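Below is one structure, written out as structure tokens; comments come after it.
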Amino acid sequence: MRLVLLGPPGSGKGTQAALLKDRLNIVHISTGDLLRAAVAAGTELGKIAKATMDAGELVSDELVLQLLEDRLNEPDVANGYILDGYPRNLAQAQALDELLARLNQNIDHALALIVDEEQIVARLAQRAAEQGRSDDSESVVRHRLHVYAEQTAPVVNYYEDKGILTAIDGMGSIDEINQRLCDAI
Ligand code: ADP
């Protein structure tokens, strides 16, 4: 099973992906986590990505595709995976399709979490207080939401056109949302 999980920052993609991966026995691939690990490890790629991430902008398509391709070549993805944070613009959606064609794979479902903007701002403010992520300050959060609306929202239509998109109500308890996702799959 190969899934793409879509939704704005703070929509709960990471939380839900962590639950789905255990339930479906597949791996969770978050490009944000891969990038943060590269930053923490101080790799060349991490050094290039850090300022972009701190500003709430998207890291270059080439860098993220390389990270993703390396990850998809690891053996633990054999049973399937959930992509969280990728693709984030139409060019990435097309690049993913090309990469999957080379790997002889396809995406089974794209799931889009729908959450009110007010709720998102509240959740991210809480995450900022709890985790201190350097891109969770209020002004950067606002910018990330803007980047989402401009660049990532069209990706939802891309999967809708392919006929594999399900929109999921992302408001409610973690368990309720998890159940909706499982029902959709
Ligand atoms: P969120 O979904 O809350 O914005 P992520 O962990 O998915 O958090 O992403 C954090 C940051 O990492 C993004 O703002 C962006 O700078 C970078 N990033 C993650 N995934 C991608 C991607 N696919 N393409 C470009 N940049 C990315």
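Just so you know, ligand 1 is whichever comes first in the structure, and atom 1 is the first atom listed for that ligand. Residue numbers count from 1 along this sequence. What you are looking at is a predicted structure, and each value in this text was computed from that prediction instead of being measured.
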Under the side-chain contact (heavy atoms from CB on, under 4.5 Å) criterion, do L68 and L72 qualify, and how do the steps go? CA-CA 6 Å; L68 180 69; L72 290 184; 4.2 Å; yes
Residue, atom and distance of the protein heavy atom nearest atom 9 (O) of ligand 1 read R88 NH2, 3.3 Å
Should we say atom CD of E74 is surrounded by more than 12 heavy atoms from elsewhere, each under 6.0 Å from it? yes
Taking only non-hydrogen atoms of R127, do any sit less than 4.0 angstrom from ligand 1? yes
Which protein heavy atom lies closest to atom 8 (O) of ligand 1, and at what distance to 0.1 Å? R133 NH2, 3.1 Å
At under 4.0 Å between heavy atoms, which part of D135 makes contact with ligand 1: side chain, backbone, both or neither? side chain
Under 4.0 Å between a side-chain nitrogen and a carboxylate oxygen: does that hold for R144 and D136? yes
Using distance alone, decide if ligand 1 has a nitrogen or oxygen within less than 3.5 Å of any nitrogen or oxygen in S30. no
Report the part of V59 in contact with ligand 1, treating N, CA, C, O as backbone and CB onward as side chain, heavy atoms under 4.0 Å; options are side chain, backbone, both, neither. both
Could you tell me whether R144 and ligand 1 have an N or O pair separated by under 3.5 Å? yes
Out of all atoms in ligand 1, which are within 4.0 Å of some heavy atom of R36? Include the element for each. 6 (O), 10 (C)
Decide, yes or no, whether a salt bridge links D183 with R180 under the criterion of side-chain N to carboxylate O below 4.0 Å. no
Polar-atom distance check: D84 versus ligand 1, any N or O pair below 3.5 Å? no
Not counting sequence neighbours, which residues clear side chain to side chain contact (heavy atoms under 4.5 Å, CB included) with R142? List them please. E138
Can you pull out the closest protein heavy atom to atom 12 (O) of ligand 1? Residue, atom name and distance to 0.1 Å, please. M53 CE, 3.5 Å
Does atom CD1 of I174 have more than 12 heavy-atom neighbours, drawn from other residues, nucleotides or ligands, at distances under 6.0 Å? no
Hey, could you give me the CD/CG distance between Q92 and L83, rounded to the nearest 0.5 Å? 10.5 Å
Taking both backbone and side-chain atoms of Q92, is any N or O found less than 3.5 Å from an N or O belonging to ligand 1? yes
Looking only at protein heavy atoms, what sits closest to atom 20 (N) of ligand 1 is T31 OG1, 2.8 Å
Shortest protein contact, atom 27 (C) of ligand 1 (heavy atom only): L35 CD1, 3.7 Å
Salt bridge D84-K21, side-chain N to carboxylate O under 4.0 Å: no
Of all the non-hydrogen atoms in the protein, which one sits nearest to atom 16 (O) of ligand 1, and at what distance? E57 O, 2.5 Å
Quick one: does ligand 1 sit under 4.0 Å from the side chain of Q151, the backbone, both or neither, non-hydrogen atoms only? neither
Tell me, with the steps shown, if Y158 and N89 meet side chain to side chain donor-acceptor pair (under 3.5 Å). CA-CA 10 Å; Y158 181 87; N89 59 31; over 6 Å; no
Is there a polar contact between ligand 1 and G56, counting only N or O atoms under 3.5 Å apart? no
Tell me: protein heavy atom nearest atom 2 (O) of ligand 1, and distance? K13 NZ, 3.1 Å
Do you see a donor-acceptor pair shorter than 3.5 Å between the side chains of D70 and Q66? yes
Between L124 and ligand 1, is there a nitrogen or oxygen pair with a distance under 3.5 Å? no
Apply side-chain contact (heavy atoms from CB on, under 4.5 Å) to residues L3 and I107 and explain how you reach the verdict. CA-CA 6 Å; L3 305 172; I107 297 296; 6.0 Å; no
